[in-house]
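All values derive from a computational prediction rather than experimental measurement.
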Amino acid sequence: ESSRPADVDITWISQFMDKARLVSTEQAQVIWGKLLAEECNNPNTVPKSLLFILEQMDGEDARAFTEVCSCSVCFSCKDDESYNPIIHDFGGGKYYKTNLKFGNLLRLENLGLIKQELGPLKTGFATELNNVPIVASYSDKQFSFPDSCTSVPVGRVIFTHSGSVLCRIIEAPAIEGFFEAQCIPYWEEWIKDEEKNIK
């Protein structure tokens with residue numbers, strides 16, 4: 001009832017219809033339908049670039065992006081929130097309980113869904129929110145950061161704007177043990193280091 005299809009940019013609708021008419025699989029049709037619903041409910045939310053990206057994606061790209069989303073955590077504080085994958089290292093060519101490989105991430109980066117840090121220092125990315133405290137949520141689990149934390153490390157991969165929008169729209173299954181084994185120890189160690197630096 002709150003949707004505003006009349007406010008959707010006519011160029012966006014034209015490009016959407018041009019690309020969506022060629023979608024044949026039911027799974028892809030559902031994703032395109034969710035994109036349309038998101039744009040009608042919140043005009044100017046879905047970038048046109050995402051329509052071009054989806055047009056180029058194949059089944060392997062879709063599976064890889066879904067796995068990246070399965071490794072993604074929602075960071076929130078008050079009315080501000082963002083989704084970030086927590087991907088640190090690819091020991092043996094694979095990542096924690098997924099089939100992700102470097103080649104998958106490179107393809108997703110080339111499509112414009114993620115950015116990677118490939119430098120030799122490997123310092124990783126951080127997410128910054130406008131308020132505190134910051135809370136990380138994954139499935140039904142949460143982790144609260146101290147009020148002194150205004151930014152949070154998120155690993156070596158981040159979403160682009162298009163990737164972030166697509167992550168919010170698709171449904172990715174949670175990975176058992178991921179939050180407890182991969183995320184919380186990573187942040188607890190970082191918090192300890194930050195506290196040492198303050199002292």
Side-chain angles (χ1 to χ4, degrees), residues 1-76 79-87 95-116 125 127 129 136-140 154-176 178-179:
E1 293 180 3
S2 63
S3 68
R4 307 191 307 277
D7 294 341
V8 177
D9 179 69
I10 190 66
T11 306
W12 190 97
I13 286 288
S14 176
Q15 291 181 1
F16 176 89
M17 298 304 286
D18 181 58
K19 298 177 189 318
R21 67 184 172 83
L22 301 174
V23 177
S24 57
T25 67
E26 184 177 344
Q27 184 180 13
Q29 288 171 351
V30 169
I31 292 173
W32 281 86
K34 288 182 177 181
L35 283 177
L36 179 59
E38 178 69 19
E39 185 65 13
C40 288
N41 289 334
N42 304 289
N44 302 313
T45 299
V46 180
K48 293 174 188 173
S49 59
L50 182 52
L51 304 180
F52 289 98
I53 290 169
L54 283 176
E55 183 183 33
Q56 299 172 56
M57 290 179 74
D58 59 23
E60 185 177 349
D61 297 329
R63 284 189 293 275
F65 187 75
T66 300
E67 292 205 68
V68 170
C69 291
S70 289
C71 299
S72 298
V73 172
C74 177
F75 295 91
S76 60
D79 296 329
D80 194 7
E81 73 172 28
S82 67
Y83 284 83
N84 289 97
I86 310 299
I87 295 177
Y95 181 68
Y96 188 80
K97 293 186 179 180
T98 73
N99 293 312
L100 283 172
K101 296 179 182 175
F102 177 74
N104 298 128
L105 294 182
L106 197 57
R107 170 71 178 163
L108 295 177
E109 185 171 30
N110 289 336
L111 283 168
L113 290 171
I114 64 170
K115 290 182 182 178
Q116 295 185 80
F125 293 104
T127 185
L129 298 172
S137 303
Y138 183 83
S139 188
D140 59 346
V154 293
R156 300 192 59 205
V157 176
I158 58 170
F159 288 122
T160 62
H161 177 56
S162 292
S164 181
V165 170
L166 187 57
C167 177
R168 289 197 308 268
I169 290 172
I170 68 170
E171 296 177 7
I175 301 173
E176 184 179 353
F178 169 73
F179 198 62

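No side-chain heavy atom of Ser72 sits under 4.5 Å from any side-chain heavy atom of Asn84. The shortest side-chain heavy-atom distance between Thr98 and Ser70 does not fall under the 4.5 Å cut-off. Two residues are said to be in side-chain contact when any heavy atoms from C-beta on lie closer than 4.5 Å; Tyr83 and Arg168 meet this criterion. Side-chain contact check for Ser164 versus Ile158: every heavy-atom pair is 4.5 Å or farther apart. In this structure, the side chains of Val68 and Leu105 come closer than 4.5 Å at one or more pairs of heavy atoms. No side-chain heavy atom of Val154 sits under 4.5 Å from any side-chain heavy atom of Pro85. Residues Ile53 and Met57 form a side-chain contact, since some pair of their non-hydrogen atoms from C-beta on lies under 4.5 Å apart. The side-chain heavy atoms of Leu166 and Leu54, taken from C-beta on, include a pair separated by under 4.5 Å.
With rounding to the nearest 0.5 angstrom, the CG atom of Asp7 is 11.5 Å from the CG atom of Asn41. Rounded to the nearest 0.5 angstrom, Glu176 CD and Ser139 OG are separated by 11.0 Å. A distance of 12.0 Å separates CZ in Arg107 from CD1 in Ile114, rounded to the nearest 0.5 Å. Within the model, atoms NE2 of His161 and OG of Ser49 stand 7.0 Å from one another, a figure rounded to the nearest 0.5 Å. Here Arg63 contributes atom CZ and Leu100 contributes atom CG; the two are 12.0 Å apart, rounded to the nearest 0.5 Å. Of the inter-residue distances, the one linking Asp61 atom CG with Asn104 atom CG reads 8.0 Å to the nearest 0.5 angstrom.
Counting only distance, with no hydrogens or angles, the side chain of Gln29 and the backbone of Val23 share a donor-acceptor pair below 3.5 Å. Under a 3.5 Å cut-off, the side chain of Glu39 and the backbone N or O of Thr45 do form a donor-acceptor pair.
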Evaluate Leu106 against Gln116 for side chain to side chain contact (heavy atoms under 4.5 Å, CB included), listing each step before the verdict. CA-CA 8 Å; Leu106 197 57; Gln116 295 185 80; 4.2 Å; yes
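Counting non-hydrogen atoms of neighbouring residues, nucleotides and ligands closer than 6.0 angstrom, the CD atom of Glu60 reaches no more than 12 such neighbours. The environment of Lys34 atom NZ is dense: over 12 non-hydrogen atoms of other residues, nucleotides or ligands sit within 6.0 angstrom.
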I'd like a table of donor-acceptor pairs (distance under 3.5 Å, sequence neighbours excluded) in which one partner is a side-chain atom from residues 8-16, with atom names and distances.
| residue | atom | partner | partner atom | Å |
| --- | --- | --- | --- | --- |
| Asp9 | OD2 | Thr11 | N | 3.1 |
| Asp9 | OD2 | Trp12 | N | 3.1 |
| Trp12 | NE1 | Val46 | O | 2.9 |

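Note: Tyr138 and Phe178 have tilted aromatic rings, judged against thresholds of 30 and 60 degrees for the angle between ring planes.
Lys115 approaches Phe125 most closely through the heavy-atom pair O-CE1, 3.9 Å.
Pairs passing the ring-ring contact (aromatic ring centres under 6.0 Å, His included) check and including a residue from residues 47-72, sequence neighbours excluded, read Phe65-Phe159.
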